[in-house]
Amino acid sequence: MTAIYKKELRTYFNTITGYIFLGFFVAITGIYFMINNMSTGSLNYADTLAGSLMLFWILIPVLTMRLFAEEARQKTDQLLFTSPVGIWGVVLGKFFAAVSLFVTGVLITGIFPFVLSRFGTIAVGETINVMFGYVIMGCALISVGIFISALTDNQIVAAVATFAALFVLFMIDSFTAEMPITASASLVFVAALIIIFAFILYSSGKNVLLSVIFAVIAIACEVGIYFLNPSVYDGLISKFFGWFSMITRFENFYAGVFSLADTVYYISFAFVFVYLTVNIIEKRRWS
């Protein structure tokens with residue numbers, strides 16, 4: 001893993017990608033810093049990071065689009081698959097390289113609070129807390145970009161698809177507000193989720209009987225709960241999608257409150273997409 005990590009990190013700076021990322025990230029966050037602090041007279045670094053969240057839409061695709069897509073295009077991925085590192089080592093090496101470049105950008109902007117400290121007192125604990133939340137949120141989004149990059153051999157497709165995925169994740173609160181809240185709509189939605197999970201179960205084990213049994217039992221339980229207590233399903237669709245909200249979970253860090261639940265969510269989110277990436281690469285390796 002270390003060899004892959006060093007190789008990817010060098011590649012960022014042997015090409016223009018790393019410099020574009022750091023330059024653009026620091027420049028835009030610097031502009032937000034000036035607008036939110038210098039011009040208004042406030043002393044809040046959290047506003048700078050919160051205002052630059054939309055940068056993720058552009059910068060994460062740039063950071064991750066090449067990682068696997070370029071390897072697949074050049075057919076050098078076969079060399080990785082046959083290396084002694086192992087698929088987990090390859091994926092984690094690339095993931096941590098992207099995370100390291102991202103964290104470097106955040107640390108550079110960490111100079112901003114020291115600038116503010118010349119004009120007043122800075123809440124050090126709150127500043128560290130919001131930086132931590134910003135970093136782990138970025139790690140979760142980087143894992144999405146790496147997963148999408150593993151699905152294609154075209155960097156542009158990977159970048160556009162990652163942009164679209166991040167857009168959905170960021171706009172999920174707006175989408176949630178438009179979701180139906182009736183119990184019957186939630187019943188149909190849960191049934192659809194059960195069918196999707198049954199299909200995933202079949203794809204993993206190729207066992208039709210097991211998948212069908214799971215789907216029948218799960219839907220029977222769902223319908224039973226509906227008739228016993230239909231209020232359980234009220235607004236369930238909104239609650240389901242709201243649970244995935246990236247912005248809502250960042251709000252605690254922005255407010256200076258360390259949230260263990262949100263920390264676990266971001267880390268788990270990143271782990272799931274890294275795991276999915278490993279599975280995609282494993283299937284490609286043996287295909």
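Only this structure's heavy atoms are used, side chains among them; waters, hydrogens and symmetry mates stay out.
Residues satisfying the ring-ring contact (aromatic ring centres under 6.0 Å, His included) test with Phe96, not counting sequence neighbours, are none. For the side-chain hydrogen bond (donor to acceptor under 3.5 Å, both in side chains) test, residues two or more places apart in sequence or in another chain that qualify with Ser245 are Asp173, Thr248. Here Tyr275 pairs with nothing under the ring-ring contact (aromatic ring centres under 6.0 Å, His included) rule; sequence neighbours left out. A search for side-chain contact (heavy atoms from CB on, under 4.5 Å) contacts involving Val223 returns Ile219, Phe227, not counting sequence neighbours. Contacts of Phe273 classified as ring-ring contact (aromatic ring centres under 6.0 Å, His included), with partners at least two apart in sequence or in another chain: Phe147, Phe269. Looking at residues two or more places apart in sequence or on another chain, you find a side-chain contact (heavy atoms from CB on, under 4.5 Å) between Val190 and Ile194, Glu222, Tyr233, Leu236. For Phe112, the ring-ring contact (aromatic ring centres under 6.0 Å, His included) test picks out Phe33, with sequence neighbours left out. With sequence neighbours excluded, the residues forming a side-chain contact (heavy atoms from CB on, under 4.5 Å) with Ile31 are Ile28, Ile35, listed by chain and number.
Note: Leu67 CG to Thr17 OG1 = 9.5 Å, rounded to the nearest 0.5 Å. The distance from atom CD1 of Ile281 to atom CD1 of Ile146, rounded to the nearest 0.5 Å, is 10.5 Å. Separating the OG1 atom in Thr64 from the CD atom in Gln155 is a distance of 10.0 Å, to the nearest 0.5 Å. Atom CZ of residue Phe170 and atom CD1 of residue Ile247 lie 4.5 Å apart, to the nearest 0.5 angstrom. Leu101 CG to Phe13 CZ: the interatomic distance, rounded to the nearest 0.5 Å, is 5.0 Å. In this structure, CG in Leu166 is found 11.0 Å from CD1 in Ile58, a value given to the nearest 0.5 Å.
Legend: side chain to side chain donor-acceptor pair (under 3.5 Å) pairs involving residues 156-169, not counting sequence neighbours: none detected. Among pairs with a residue in residues 241-254, those fulfilling salt bridge (Lys or Arg N to Asp or Glu O under 4.0 Å) read Arg249-Asp262, at least two apart in sequence or across chains.
Connection of Met65 to Leu169 is not established within any shared hydrophobic cluster, with ILVMFWY side chains joined at heavy-atom distances below 4.5 Å, either directly or through further cluster members. A single hydrophobic cluster is seen to contain both Leu22 and Leu59, as judged by linkage of ILVMFWY side chains at heavy-atom distances under 4.5 Å, directly or through other members. Clustering ILVMFWY residues whenever any of their side-chain heavy atoms sit less than 4.5 angstrom apart, transitively, puts Val264 in the very cluster that holds Val144. Neither Ile142 nor Val62 shares a network with the other; the hydrophobic side chains, linked directly or stepwise wherever heavy atoms of I, L, V, M, F, W or Y lie under 4.5 Å apart, form separate groups for each. Hydrophobic cluster membership is shared by Val272 and Val91, with clusters built from Ile, Leu, Val, Met, Phe, Trp and Tyr side chains linked at under 4.5 angstrom.
At least one donor-acceptor pair closer than 3.5 Å links the side chain of Asn14 to the backbone N or O of Arg10. Here the side chain of Thr152 pairs no donor or acceptor atom with the backbone of Ser149 at under 3.5 angstrom. Here the side chain of Tyr266 pairs a donor or acceptor atom with the backbone of Met246 at under 3.5 angstrom.
A cation-pi arrangement is present between Lys94 and Phe68, with the terminal nitrogen or guanidinium carbon under 6.0 Å from the aromatic centre and inside a 45° cone about the axis.
Taking every heavy atom of both residues into account, Ser143 and Thr277 meet most closely at O-OG1, 4.5 Å. Nearest heavy-atom pair, Pro61 versus Ala159, reported as atom, atom and distance to 0.1 Å: CB-O, 3.5 Å. Taking every heavy atom of both residues into account, Ile280 and Ala150 meet most closely at CG2-O, 3.6 Å.
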* **Residue pair Phe102, Phe56: steps toward the ring-ring contact (aromatic ring centres under 6.0 Å, His included) verdict** => CA-CA 10 Å; Phe102 169 69; Phe56 286 144; 5.7 Å; yes
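Cluster partners of Ile16, by chain and number: Ile20. The rule joins Ile, Leu, Val, Met, Phe, Trp and Tyr whenever side-chain heavy atoms lie under 4.5 Å apart.
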Side-chain donor/acceptor pairs under 3.5 Å, residues 122-140, sequence neighbours excluded:
unit_1 : atom_1 : unit_2 : atom_2 : d
Thr127 : OG1    : Ala123 : O      : 2.8
Asn129 : ND2    : Phe253 : O      : 3.3
Asn129 : ND2    : Val257 : O      : 3.4
Tyr134 : OH     : Ser52  : OG     : 3.1

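Two residues are said to be in side-chain contact when any heavy atoms from C-beta on lie closer than 4.5 Å; Leu92 and Tyr5 fail this criterion.
Between Tyr12 and Ser100, the side chains place no donor N or O within less than 3.5 Å of an acceptor N or O (distance only, hydrogens not considered).
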